[in-house]
Q: 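To start, I am sharing the structure in question, which I have written as structure tokens.
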Amino acid sequence: MKTLHLTPDCDVQKAVNGSDAEVIYLAAGVYNQKIEITRSNVKLIGAGRETKITYGDYAKKIHADGKEYNTFRTHTLCVTGDNVRLENFTVENSNTAPETVGQCVALSVHGDGFVACDMDLISTQDTLFLSPFPDDLVTRYRGFIPRNQLYKEGGNVHLFKNCRISGTVDFIFGCAEAYFSHCEIISLKDARGVGYVAAPAHPLYAKRGFTFTDCAFLSSGAEEGSVYLARPWRDYGKCDFIGCTLGKHVNAAAFDKWNDTERDKTARMGYYGIGKVEAPWATELTEKQANDIIADCARKFKAVNI
């Protein structure tokens, strides 16, 4: 197996995409870089979560093309290759004022077969984007977002295990089939006084959306009752929460319909083993339904040896 060892003074993007190394090790330190991984079948392994890739782009920043960055160009790390695996380091968007500068993505994943283990993903609003895009945005952003990020035939499957993901508003969002197992989902304080964890935008035909099993939803400054587990970014957004523990910062309703929409009639929010939920439009799963989802999740992780 070919390996490559990098230090913080290396150009990570050039090294990763320009080599044929199957495993790339990141030495301890801070990598102040904006990176896109275009290669497939590559693994990046850090020396611990103190190993950090960080950058600070934000939605209202003016790009070299004279336009605002927009949410989808703010990422610190973007993955467009398939079967990319990240382990044991931190990806951060260092911007901390989304209320004034807009969204700030830490990790944007566009490839299929993505795996993250023992990672910290840190930002505020829109921390983690999980492609594909909703269909209407594919049309809207044609010529604005690079083709290898914007277009994806079929769906993507993304796996996260033992990760810590921090944010404030819609900080896990997109259309992928994504599984989160034994992760810590940490809501930070937001000056607007309300937070949302997941913003799913799955099409109606998607059997699975975002699935959270045995995750801990924690507060790091978010006030009691101020955070919702999910709100649908598009009509048929889908999330399931199974066997998770919820801090007092999670609102009793748990789910929000998204502003003045009627997505409470179309969104697919399921839960099991998380306590009472006061949103009548969310579905309490049966034990069999929950076990079927858990089995799906276990098969996905087993297939990649985690």
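Start at 1 with the first residue, then count along the sequence.
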Q: Establish, yes or no, whether a centroid distance under 6.0 Å links the rings of Tyr69 and His63.
A: yes
Q: Is Gln103 reaching over with its side chain to a backbone N or O of Asp126, donor-acceptor style, under 3.5 angstrom?
A: no
Q: On a heavy-atom basis, which atom in Gly193 and which in Ser226 lie closest, and how many Å separate them?
A: O-CB, 3.6 Å
Q: Measure up the Phe173 and Phe72 rings against each other and bin them: parallel (under 30°), tilted (30 to 60°), perpendicular (over 60°).
A: tilted
Q: Determine the minimum heavy-atom distance between Asn156 and His110, stating which atoms define it.
A: ND2-O, 3.2 Å
Q: Within the side chain of Arg268, is there an N or O that forms a donor-acceptor pair under 3.5 Å with the backbone of Leu204?
A: yes
Q: Verify whether the ring centers belonging to Phe160 and Phe114 lie closer than 6.0 Å.
A: yes
Q: Distance-only, no hydrogens or angles: does the Lys257 side chain make a donor-acceptor pair with backbone N or O of Thr261 under 3.5 Å?
A: yes
Q: Which pair of heavy atoms, one from Tyr236 and one from Pro203, lies closest together, and at what distance?
A: CB-C, 4.1 Å
Q: Does a salt bridge link Lys288 with Asp292, judged by any charged N lying under 4.0 Å from a carboxylate O?
A: yes
Q: Does the side chain of Ser108 reach to within under 4.5 Å of the side chain of Ser131, using non-hydrogen atoms?
A: no
Q: Just by modelled atom types, is the Ala15 backbone N or O under 3.5 Å from a matching donor or acceptor in the Ser19 side chain?
A: yes
Q: With the side chain counted from C-beta on, respond yes when Asp190 and Thr124 share a heavy-atom pair under 4.5 Å apart, and no when they do not.
A: no
Q: Can Gln289 and Asp240 be said to form a side-chain contact (heavy atoms from CB on, under 4.5 Å), step by step?
A: CA-CA 10 Å; Gln289 288 172 325; Asp240 291 304; over 6 Å; no
Q: Taking everything shown except Glu223 itself, do over 12 heavy atoms lie less than 6.0 Å from its CD?
A: no
Q: Within this structure, what is the CG-CG distance for the pair Leu229 and Asp256, rounded to the nearest 0.5 Å?
A: 11.0 Å
Q: Within this structure, what is the CG-CZ distance for the pair Leu121 and Phe89, rounded to the nearest 0.5 Å?
A: 9.0 Å
Q: Under a 4.0 Å threshold between the charged nitrogen and the carboxylate oxygen, would Asp170 count as salt-bridged to Arg231?
A: yes
Q: Please report the C-alpha distance between Ile306 and Arg85 in whole Å, then the side-chain angles of each, then the deciding distance to 0.1 Å, and finally whether the side-chain contact (heavy atoms from CB on, under 4.5 Å) criterion is met.
A: CA-CA 11 Å; Ile306 58 171; Arg85 183 163 174 161; 2.6 Å; yes
Q: Closest heavy-atom contact between Ser40 and Asp82?
A: OG-N, 2.9 Å
Q: Could you tell me whether the side chains of Asn88 and Asp118 share a donor-acceptor contact shorter than 3.5 Å?
A: no
Q: Using residues 244-251 as the side-chain source, report each donor-acceptor pair under 3.5 Å to any protein atom, sequence neighbours left out, with the distance given to one decimal.
A:
| unit_1 | atom_1 | unit_2 | atom_2 | d |
| --- | --- | --- | --- | --- |
| His249 | NE2 | Leu218 | O | 3.2 |
| Asn251 | OD1 | Ala253 | N | 2.9 |
| Asn251 | ND2 | Gly225 | O | 2.9 |

Q: How about Asp135: does its CG atom have over 12 heavy atoms from other parts shown lying under 6.0 Å from it?
A: no
Q: Do Ile186 and Arg164 have side chains that get closer than 4.5 Å, going by heavy atoms?
A: yes
Q: Report yes if some heavy atom in the side chain of Leu137 is under 4.5 Å from a heavy atom in the side chain of Ile145; otherwise report no.
A: no
Q: Under the 3.5 angstrom rule, does the side chain of Lys34 hit a backbone N or O of His75 as a donor-acceptor pair?
A: yes
Q: Do Thr80 and Glu36 meet the criterion of a side-chain donor-acceptor pair at a distance under 3.5 Å?
A: yes
Q: Taking the six-membered ring of Phe144 as reference, does the cationic atom of Lys67 (NZ for Lys, CZ for Arg) lie under 6.0 Å from its centre and within 45° of its axis?
A: no
Q: Would Ile122 end up clustered with Leu44 when hydrophobic side chains under 4.5 Å apart are linked, directly or stepwise?
A: no
Q: With rounding to the nearest 0.5 Å, note down the distance linking CG in Leu285 to CD in Glu287.
A: 11.5 Å
Q: Does the gap between the ring centers of Phe241 and Phe255 come in under 6.0 Å?
A: yes
Q: Going through the distances and angles, do Glu92 and Ile53 end up as a side-chain contact (heavy atoms from CB on, under 4.5 Å)?
A: CA-CA 6 Å; Glu92 175 192 63; Ile53 298 175; over 6 Å; no
Q: Check whether any side-chain N or O of Arg208 sits under 3.5 Å from a backbone N or O of Val157 as a donor-acceptor pair, and report yes or no.
A: no
Q: How many angstroms lie between CG in Leu130 and CD in Glu177, if you round to the nearest 0.5 Å?
A: 11.5 Å
Q: Applying ring-ring contact (aromatic ring centres under 6.0 Å, His included) between Phe217 and each of Phe212, Tyr271, Tyr228, report the one that passes.
A: Phe212
Q: Got a second to check how far Arg263's CZ is from Trp258's CH2, nearest 0.5 Å?
A: 6.5 Å
Q: Check whether Val105 and Ile172 end up in the same hydrophobic cluster, where Ile, Leu, Val, Met, Phe, Trp and Tyr are linked by side-chain heavy atoms less than 4.5 Å apart.
A: no
Q: Output yes when a side-chain donor or acceptor of Gln149 lies under 3.5 Å from a complementary backbone atom of Pro146, and no otherwise.
A: no
Q: Would you find a donor on one side and an acceptor on the other, under 3.5 Å apart, between the side chain of Thr213 and the backbone of Ile294?
A: no
Q: Tyr141 and Asn70: side-chain contact (heavy atoms from CB on, under 4.5 Å), yes or no, with the steps?
A: CA-CA 10 Å; Tyr141 293 135; Asn70 174 282; 3.0 Å; yes
Q: For Asp264 versus Trp281, what's the shortest heavy-atom pair and its separation?
A: O-CB, 3.4 Å
Q: In the single-linkage hydrophobic clustering (I, L, V, M, F, W, Y; side-chain heavy atoms under 4.5 Å), do Val169 and Val194 co-cluster?
A: yes
Q: If I compare all heavy atoms of Met269 with all of Pro200, which pair ends up nearest, and what's the gap?
A: CE-CG, 3.8 Å
Q: Considering only heavy atoms from C-beta outward, does the side chain of Thr127 approach that of Asn93 to under 4.5 Å?
A: no
Q: Look up atom CZ in Phe133 and atom NZ in Lys152, then write down how far apart they are to the nearest 0.5 Å.
A: 13.0 Å
Q: Answer yes or no: is there a donor N or O on one side and an acceptor on the other, between the side chain of Ser94 and the main chain of Tyr55, under 3.5 Å?
A: yes
Q: Is Ile35 reachable from Leu4 through a run of I, L, V, M, F, W or Y residues, each pair having side-chain heavy atoms under 4.5 Å apart?
A: yes
Q: Hey, does Met119 have a side-chain heavy atom less than 4.5 Å from the side chain of Cys163?
A: yes
Q: Main chain of Thr38, side chain of Asn17: is a donor-acceptor contact present, judged purely on distance under 3.5 Å?
A: yes
Q: Using the rule that Ile, Leu, Val, Met, Phe, Trp and Tyr join whenever any side-chain heavy atoms are under 4.5 Å apart, tell me whether Ile165 and Phe210 fall into a single cluster.
A: yes
Q: Can you check whether Leu26 reaches Tyr31 side chain to side chain, under 4.5 Å on heavy atoms?
A: yes
Q: Does a side-chain heavy-atom distance below 4.5 Å link Asp65 with Arg73?
A: yes
